[in-house]
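Computation of the quantities below employed the complete heavy-atom set of this structure, encompassing side-chain atoms and omitting hydrogens, waters and symmetry-equivalent molecules.
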Amino acid sequence: MLRLVVRRLLQLIPTLLGLSVLLFLWLNRLPGGPASAILGERATEAEVTRINRALGLDEPVYVQYWRFLKRIFELDLGTSTQTGQPVWDEFVLRFPATVELSVAAIVIAVLVGIPLGYLAARHRGGWLDVASVSGSLIGICIPVFFLALMLKGIFAVELGLFPSYGRLSTGLDATDITGFATLDGLLTGELDATWDAIMHLVLPAVALASIPLAVIVRMTRASVLEVLGEDYIRTAESKGLDKRVVRGRHVLRNALLPVVTAVGLLTGSLLSGAVLTESVFSFGGIGSFIRTSIDARDYPVLVGFILFIAMVYVLINLLVDLAYSIIDPRVRVH
C-alpha cells in the first residue's frame, strides 16, 4: 500500500509542474501584462513600470518562473486586490464552508444513490427502476440554481422549516475553532450551534447533491447490471452460495469500481466551489468569493484558486486510487 502511495505521488509531480508553467504563461500573457491587470485599465506608464520593477517582471523569464515556483512552495499566493489580505488566508477562511457543504452533498448522494441504483438494477423493468431512472434524468436536467431557489422558496420562505441564508443564525454566540460550524459545536459542547449549523446546511446540500445523486444512481445501476451478467456471478449462484454473499462480495464490490471514480470526480467538482448554490443561500464559501474575484479581475486570487483546486484534485485522485486498492487488491500490483 505504501509503495502505491509513493508511486502515485511521484507521478503527480509532473502534473503540478505542467500546471505551474501554464499558469505562469497565462499571467505573462494578460492584456498589458500582470501590472496592467493589477492596476486596472487607467494605470499610467510610470505606475506600470513601478509595479514591474517591484514584482521583478523586468527580469528574464526563467528568473520570474523560478521566483513564481518558489512562492508556490512557500504557500505565498500573493495578496487579494479586493480585500488586501493574503490569498492563502482568504482560502483558509472560506474553504471550511465549501468543504462542509460539499461533504454533506456527496454524503447524501452516495447514501441515497448507491442503494437506489443497486435496487433499480436488481428489479430491472419494475416500478422502482423506472422511477429511479426518470428521477435521475430530472435531477440532471434541472439547473442547480433553479432547484436551490425552489427549495428556498418552499421550505424556507413559505413553510419556514429551514433557514434561508448563511451558516449560523444571526445573534447565535458560537465559538469558532476550526471554521467548520458543525464540528465546532461538538468540540465546545455547544450542541445548539451544531444543530443550527445542520439546519442551515440541509437545503443547500440537497440542492447541490441533485446532480451527483443522479449520476451515481445511473452509474451504479449500469455497473450492477453489467456485473450481474458476468460468468462468475452465475457460477457463484450455481454453487449455492448465500444470496447475501453473492450480492455483497461479488456483485456490489465489483460494481463499485467505476462508481468510486465518479464519486471522486464529483467530489472534486463540488470542492472547486458551488458558486450558484453558495450565492443563492449566501453561504460564504469559496465559490461566491471566486465569483466576486472574477468580476473584480482579482488575478492573484484566481491563480491561487486554480493551484488550490489542482491540489484538491490531486489528493482526491490519490484517495480514489487507495479506495481502488482496497476494493480490488489486484490494483496494487499495477
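Scanning all heavy atoms of the two residues, the minimum distance from V280 to F145 falls at CG2-O, 4.4 Å. Taking every heavy atom of both residues into account, A205 and L101 meet most closely at N-CD1, 3.5 Å. When all heavy atoms of P258 and M219 are compared, the pair lying nearest together is O-SD, 3.5 Å. Summarising the geometry of V130 relative to G125, their closest heavy-atom pair is CG2-O, 4.3 Å, with the distance given to 0.1 Å. For L225 against A121, the heavy-atom pair with the smallest separation is CD2-O, 3.6 Å.
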Quiz item: Would L187 and F180 count as a side chain to side chain contact (heavy atoms under 4.5 Å, CB included) if you check the C-alpha gap in whole Å, the side-chain angles of each, and the deciding distance to 0.1 Å?
Solution: CA-CA 10 Å; L187 294 177; F180 297 94; over 6 Å; no

Practice problem: Take L128 and L116 through the side chain to side chain contact (heavy atoms under 4.5 Å, CB included) test and state the conclusion after the steps. | Solution: CA-CA 8 Å; L128 181 61; L116 191 58; 3.9 Å; yes

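Residues F162 and F155 have side chains in contact (heavy-atom distance under 4.5 Å, counting atoms from C-beta outward). Between V133 and L137, the closest side-chain pair of non-hydrogen atoms is not below 4.5 Å. Side-chain atoms of F305 and F289, non-hydrogen and from C-beta on, never get closer than 4.5 Å to each other. In this structure, I211 and V144 have side chains that are in contact, with non-hydrogen atoms separated by less than 4.5 Å. Looking at I114 and L256, their side chains come closer than 4.5 Å, going by heavy atoms from C-beta outward. The shortest distance between side-chain heavy atoms of L266 and I216 falls below 4.5 Å.
Hydrophobic clustering (side-chain heavy atoms under 4.5 Å, transitive across Ile, Leu, Val, Met, Phe, Trp, Tyr) groups I316 together with L257. V157 and L201 are members of different hydrophobic clusters when ILVMFWY side chains are connected at heavy-atom separations under 4.5 Å. Cluster membership for F91 and L93, using ILVMFWY side-chain heavy atoms within less than 4.5 angstrom, is not shared. V103 and V260 fall within a single hydrophobic cluster, where Ile, Leu, Val, Met, Phe, Trp and Tyr side chains are chained together by heavy-atom contacts under 4.5 Å. Cluster annotation: M199 and I154 are assigned to the same hydrophobic cluster (Ile/Leu/Val/Met/Phe/Trp/Tyr, side-chain heavy-atom contacts under 4.5 Å, transitive).
Listed by first and then second residue, the salt bridge (Lys or Arg N to Asp or Glu O under 4.0 Å) pairs involving residues 194-206 amount to none (not counting sequence neighbours). Pairs of residues two or more places apart, or lying in two chains, never qualify as salt bridge (Lys or Arg N to Asp or Glu O under 4.0 Å) while including a residue from residues 256-271. For residues 130-145, the side chain to side chain donor-acceptor pair (under 3.5 Å) pairs, not counting sequence neighbours, are S136-R218. For residues 86-95, the pairs satisfying salt bridge (Lys or Arg N to Asp or Glu O under 4.0 Å) are E90-R94, with sequence neighbours left out. Evaluation of the salt bridge (Lys or Arg N to Asp or Glu O under 4.0 Å) test over residues 101-112, restricted to residues two or more places apart or in two chains, returns none.
Here A156 pairs with K152, S164, L203 under the side chain to side chain contact (heavy atoms under 4.5 Å, CB included) rule; sequence neighbours left out. Taking S210 as the reference, nothing meets the side-chain hydrogen bond (donor to acceptor under 3.5 Å, both in side chains) condition, with sequence neighbours excluded. In this view, Y65 and S20 satisfy the side-chain hydrogen bond (donor to acceptor under 3.5 Å, both in side chains) rule, not counting sequence neighbours. Partners of W66 under the side chain to side chain contact (heavy atoms under 4.5 Å, CB included) rule, at least two apart in sequence or in another chain, do not exist in this structure. Every side-chain hydrogen bond (donor to acceptor under 3.5 Å, both in side chains) that T182 has, sequence neighbours left out, goes to E100. Partners of T178 under the side-chain hydrogen bond (donor to acceptor under 3.5 Å, both in side chains) rule, at least two apart in sequence or in another chain, are D184.
Distance check, rounded to the nearest 0.5 Å: CG of L161 to CG of L151 gives 11.5 Å. Taken to the nearest 0.5 Å, the CH2 atom of W195 stands 12.5 Å off from the NE2 atom of H200. To the nearest 0.5 angstrom, L208 atom CG is 10.0 Å from F283 atom CZ. Here the CG-CZ distance, from D129 to R124, works out to 7.5 Å after rounding to the nearest 0.5 Å. L119 contributes atom CG, which lies 9.5 Å from atom CZ of R122 (distance to the nearest 0.5 angstrom). The CG atom of L69 lies 6.5 Å from the CG atom of L17; values are rounded to the nearest 0.5 Å.
L191 belongs to a hydrophobic cluster whose other members, connected by ILVMFWY side-chain contacts under 4.5 Å either directly or through intermediates, are L186.
Side chain of T220 to main chain of G117: no donor-acceptor pair is present (N/O by atom type, distance under 3.5 Å, no hydrogens or angles).
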